[in-house]
Participant: 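So that we are looking at the same thing, I have put the structure below in structure tokens.
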Amino acid sequence: MIIKLPDGNEMIYESEKSLFEVANDISPSLKKRCIVAEVNGKIVDMNTIVSEDVSLRFITDSEPEALEVLRHSTAHLLAETVKKIYPHAHFGVGPTIEDGFYYDIDLGEDIISEHDLKNIEREMKKIASQNSKIVRGVLSKEEALSFFNDDPYKVELINELPVDEEISIYKQTHFTDLCRGPHLPGTKWIKHFKLLSVAGAYWRGNSDNIQLTRIYGTVFFKKEELDEHLHLIEERKKRDHRKLGKQLDLFMLSEYGPGFPFWLPNGMALRRELEGFWYDVHLKENYKLIQTPIMLNKDLWEVSGHWANYRESMYTSTIDDHEFAIKPMNCPGGMLVYKRDIHSYKDFPLKIGELGLVHRHEASGALAGLFRVRNFTQDDAHIFMTEDQIVQEIKELVRLFDYMYSVFNLDYYIELSTRPEDKYIGEISTWDKSEKALADALDEMGKEYKINPGDGAFYGPKLDFKLRDSMKRIWQCGTIQLDMNLPERFDLTYIDHNGEKKRPVMLHRALYGSIERFIGILIEHYAGAFPTWMAPIQVKVIPVNNDYHLNFSVKILNDLKAKGVRAEIDQRDEKLGYKIREAQTKKIPYQLVIGDKEVESKTVNYRRYGEQKQQVVSKNDFLRMILEEIKAKR
RNA sequence: GCUCCUAUAGUUUAAUGGUAAAACACAGCAAUGGUAAUGCUGAAAUUCAAGUUCGAUUCUCGGUAGGAGCACCA
């Protein structure tokens, strides 16, 4: 048989060989470094036997595929160790994830908490150091069922496999697990790992099922890589918006209002800047701006379908014996505004924007800083138009989103979410048409996107714009939702060119998504060091000595404030170094130090946040420079 | 909502079955010079409720809030 290698060389054998033997024939040192191998495009274990012509690539510990195998095998080692300490444990699934692995375990009455992880880690090291081989075995479905008959979760998984499926198992020391593989040749590779956290996780991701104990961990081939990763986790924690929000006095949360953020003066400055930018852009883009009430009669929510589909998340109250609900969305109010007038096709696309405060009763466990709150401001807009205008309008929107996100230097990716399995309103044919319109627009623009089946809103499919936070968690910010249902329910009409009444189509769209969440993302994105245009305090003026330099410092302060720059003066009787330190820890973009030289020559000595170098320019030049920077949104 | 963890001055941390230590911040006084912390003094806290106990901030239980996840996220 002939084995083709990636470099074009061929190995020729008379009889079957294991991949180890082949690697050894190339070089014994290669054999030592091989984790798995790719045979005819499929990744397999090193002790796989080849008996016919194949193309073969060895995968050593420096390649990404190997890391995944290491993580998977470490999950098995974790399971083996847990089984040893808790012999009655049953196992769910133990896959690799982006930064490591986890294993879901049913511990019965026992509880594992984070304090126990050290102990489990120690035991894992002990077991790994026995350097057990990891050996693949194959069972029929029937054999597998009897082999795992004590493991209810594995039985459930096996039962779902096809009857004639060849089922593989992996055995190491005293532990055998059902697994597709491939795995490391042996446990000796597992050295640099750490168990990170414990959490509950529903079996098969379904909240009707029992909750298993999930242990998260990570592992690398090299100690430096592990250390670097752990360091990265620490760094991410430092830019957590909850922590920075406190340090920089941006917002607060109170026990009296879980999930209802309070905006402090600094956060408010940031917020107003974002809202101002939003209003400016939308007026330029020919949007009309409105504001609809926070609270509206239940009858309205029945018409919109929210009462039937969204009631659990709505806050309600009674006014004069009538039931009212606080709006969880702005659209029904927007519908009423549309209906106030007769509309012509000539007005389309009609774009109506609203920064609307909505309230939603989110599950208590879902709340997370500004990322998941119970009241937030959506930068909403509803766009009314004819069906032929859909694709063009979506293209316009994607262009607008691109521009807005580029101002913040944010990367995003798009998901197309389609009709939910059961909670939806309207005809399936309408849904199909809507989904196609969204996809067509993206295709025409050459934008890549991922399809997210069943994740659409109950009233229509949507494009979601996803951004990543410092913990690498993904959050939805912008969204474009096609709605062919609400116009029906509210009996919206327009007059077409023949003078006939027609039904318009509608888009909901939000760009920031929620201003709260977007600010949370920005805090982490900039690590609290905001660009000048949106920094809560843009300039800190620091006189060297109040007796001699205060007058000129105040003059500078007043000039800055007169031009709308958010400037403050630090005239406390403190040492210069003290005041500078504070300006730096508060991450203020410009600190101005004013002493004799500056007073004499009418200059300012500025230092930009993040830089060491001091620059001297005339007061007026500084004013010009900073105004230009703010105007350019830098 | 579910699993696990946590709760001490405004903030970040320490300690204890006999009511608590510090740093920063704050206030008062003194000092006053060039790019990350001047000194002294002061005021300031055990999340709430129940239980065990002679005595609970500490142990147990419950509530509330926060965290890590899961589920949810129109």
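Below, chain A is the first sequence line, B the second, and so on; all start at residue 1.
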Participant: Is a donor-acceptor pair below 3.5 Å formed from side chain A:Glu598 to base B:G34, judging by atom type as modelled?
Facilitator: yes
Participant: Can you tell me the pairing partner of B:G39 across any strand shown, Watson-Crick or G-U wobble, with both distances under 3.5 angstrom?
Facilitator: B:C29
Participant: Distance between the P atoms of B:A25 and B:U12, in whole angstroms?
Facilitator: 15 Å
Participant: Sticking with atom P, work out how far B:A22 lies from B:A44, rounded to a whole angstrom.
Facilitator: 14 Å
Participant: Roughly, in whole Å, what's the span from CG in A:Asp104 to P in B:C4?
Facilitator: 15 Å
Participant: Give one of base, sugar-phosphate or nothing for A:Asp208, where a contact means two heavy atoms less than 4.0 Å apart.
Facilitator: nothing
Participant: Have a look at A:Arg311 and say if it touches a base, only the backbone sugar-phosphate, or nothing, with a 4.0 Å heavy-atom cut-off.
Facilitator: nothing
Participant: Should the pair A:Tyr606 and A:Phe622 be assigned to parallel (<30°), tilted (30 to 60°) or perpendicular (>60°) ring geometry?
Facilitator: tilted
Participant: Counting side-chain heavy atoms from C-beta on, which of B:U64, B:C70, B:U6 comes nearest to A:Tyr202?
Facilitator: B:C70
Participant: With a distance cut-off below 6.0 Å to the six-membered ring centre and an angular limit of 45° from the axis, does A:Lys602 pair with A:Phe552 as a cation-pi contact?
Facilitator: yes
Participant: Output the single nucleotide from B:A65, B:A36, B:G69 whose closest atom is nearest the side chain of A:Gln584.
Facilitator: B:A36
Participant: Can you find a donor-acceptor N/O pair under 3.5 angstrom joining the side chain of A:Gln591 to the base of B:U35?
Facilitator: yes
Participant: Write down the distance between CG (A:Asp455) and C1' (B:C72), rounded to a whole number of angstrom.
Facilitator: 11 Å
Participant: Output yes when A:Glu427 and A:Lys433 qualify as a salt bridge under the 4.0 Å nitrogen-oxygen rule, no when they do not.
Facilitator: no
Participant: Just checking A:Pro328: base, sugar-phosphate only, or nothing, at a heavy-atom cut-off of under 4.0 Å?
Facilitator: base
Participant: Can a salt bridge be assigned to the pair A:Glu114 and A:Lys194 using a cut-off of 4.0 Å between side-chain N and carboxylate O?
Facilitator: no
Participant: By nearest atom, which of the nucleotides B:A68, B:C2, B:C4 is closest to the A:Ala199 side chain?
Facilitator: B:A68
Participant: Does the B:G33 base have a donor-acceptor partner in the side chain of A:Asp596 within less than 3.5 Å?
Facilitator: yes
Participant: Using the P atom as the point on both nucleotides, what is the distance between B:U52 and B:U57, in whole Å?
Facilitator: 15 Å
Participant: Distance between the C1' atoms of B:U16 and B:U46, in whole angstroms?
Facilitator: 11 Å
Participant: Taking the side chain of A:Gln211 as its heavy atoms from C-beta onward, which of B:C2, B:G34, B:C4 lies nearest to it?
Facilitator: B:C2
Participant: Does A:Tyr424 have A:Arg419 sitting over its ring (NZ/CZ under 6.0 Å from centre, angle to axis within 45°)?
Facilitator: yes
Participant: Any strand is fair game: report the nucleotide pairing with B:U8 by Watson-Crick or G-U wobble, both distances under 3.5 Å, or none.
Facilitator: none
Participant: Name the residue closer to the 5' end of RNA chain B, choosing between A:Ser197 and A:Gln612 according to the nucleotide with the nearest heavy atom.
Facilitator: A:Gln612
Participant: Among the nucleotides B:C70, B:U35, B:U32, which one has an atom lying closest to any side-chain atom of A:Gln614?
Facilitator: B:U35
Participant: For a quick check of understanding: with a heavy-atom distance under 4.0 Å over all strands, which category does A:Gly365 fall into, base, sugar-phosphate or nothing?
Facilitator: base
Participant: Could you tell me whether A:Ile111 contacts a base, only the sugar-phosphate backbone, or nothing, with contacts defined as non-hydrogen atoms closer than 4.0 Å?
Facilitator: sugar-phosphate
Participant: Classify the angle between the aromatic ring planes of A:His306 and A:Trp301 as parallel (below 30°), tilted (30 to 60°) or perpendicular (above 60°).
Facilitator: perpendicular
Participant: Determine the Euclidean distance between corresponding C1' atoms of B:U58 and B:U8; express it in Å to zero decimal places.
Facilitator: 11 Å
Participant: What distance, rounded to whole Å, do you find between the two C1' atoms, one in B:C59 and one in B:G17?
Facilitator: 8 Å
Participant: Looking at A:Tyr216, does any N or O in its side chain come under 4.0 Å of the phosphate oxygens OP1/OP2 on B:C70?
Facilitator: yes
Participant: Is B:A15 paired to anything, Watson-Crick or G-U wobble with both distances less than 3.5 Å, and if yes, which nucleotide?
Facilitator: none
Participant: Using a heavy-atom cut-off of 4.0 Å across all strands, would you classify A:Glu582 as base, sugar-phosphate, or nothing?
Facilitator: nothing
Participant: Using a cut-off of 4.0 Å on non-hydrogen atoms, how would the nucleic acid contact of A:Gln247 be classed: base, sugar-phosphate, or nothing?
Facilitator: nothing
Participant: Closest to the A:Ile580 side chain: B:U38, B:A36, B:A65?
Facilitator: B:A36
Participant: Does a side-chain N or O of A:Ser207 approach OP1 or OP2 of B:C2 to a distance below 4.0 Å, or not?
Facilitator: no
Participant: If I pick the P atom on B:A20 and the same atom on B:A45, what distance separates them, to the nearest angstrom?
Facilitator: 11 Å
Participant: Between A:Tyr578 and B:A31, does any side-chain N or O lie under 4.0 Å from OP1 or OP2?
Facilitator: no
Participant: If you pin A:Lys462 and A:Gly595 to their nearest nucleotides in RNA chain B, which one's is more 5'?
Facilitator: A:Gly595
Participant: Under the 3.5 Å rule, do the base of B:U32 and the side chain of A:Asp547 count as making a donor-acceptor pair?
Facilitator: no
Participant: Look at the side chain of A:Arg214 against the base of B:C4 and say whether a donor-acceptor pair falls under 3.5 Å; ignore hydrogens and angles.
Facilitator: no
Participant: So if I take every side-chain heavy atom of A:Glu362 and compare against B:G34, B:C72, B:C5, which nucleotide ends up nearest?
Facilitator: B:C72
Participant: Output the rounded distance in Å from CG (A:Leu370) to P (B:G67).
Facilitator: 11 Å
Participant: Would A:Tyr338 and A:Phe384 count as a close aromatic pair, with their ring centres under 6.0 Å?
Facilitator: yes
Participant: Heavy atoms from C-beta onward define the side chain here; which of B:U38, B:G33, B:G67 lies closest to that of A:Arg242?
Facilitator: B:G67
Participant: From the list B:G34, B:U12, B:U32, which nucleotide is the closest neighbour of the side chain of A:Val593?
Facilitator: B:G34
Participant: Under 3.5 Å for both donor-acceptor distances, Watson-Crick or wobble: does B:U46 have a partner, and if so which one?
Facilitator: none
Participant: Which part of the nucleic acid, if any, lies within reach of A:Gly460 when heavy atoms closer than 4.0 Å are counted: base, sugar-phosphate only, or nothing?
Facilitator: nothing
Participant: B:U41 and B:U53: how far apart are their P atoms, nearest whole angstrom?
Facilitator: 45 Å
Participant: Over 60° means perpendicular and under 30° means parallel, so tell me whether A:His508 and A:His382 are parallel, tilted or perpendicular.
Facilitator: perpendicular
Participant: Considering only B:A36, B:G34, B:U38, which nucleotide approaches the side chain of A:Lys575 most closely?
Facilitator: B:U38
Participant: Does A:Thr585 reach a base, just sugar-phosphate, or nothing at all? Heavy atoms under 4.0 Å.
Facilitator: base
Participant: OP1 or OP2 of B:U6 less than 4.0 angstrom from a side-chain nitrogen or oxygen of A:His115, does that happen here?
Facilitator: yes
Participant: If you compare every side-chain N and O of A:Lys246 against the phosphate oxygens of B:U12 (OP1, OP2), does one of them come in below 4.0 Å?
Facilitator: yes
Participant: Do we get A:Arg214 above A:Tyr103's six-membered ring, with its NZ or CZ under 6.0 Å from the centre and within 45° of the axis?
Facilitator: no
Participant: Can you tell me how the ring of A:Phe260 sits relative to the ring of A:Tyr315, calling it parallel under 30°, perpendicular over 60° and tilted otherwise?
Facilitator: tilted
Participant: Can you tell me the base-pairing partner of B:U58? Count Watson-Crick or G-U wobble geometry only, both distances below 3.5 Å, and say none if there is no partner.
Facilitator: none
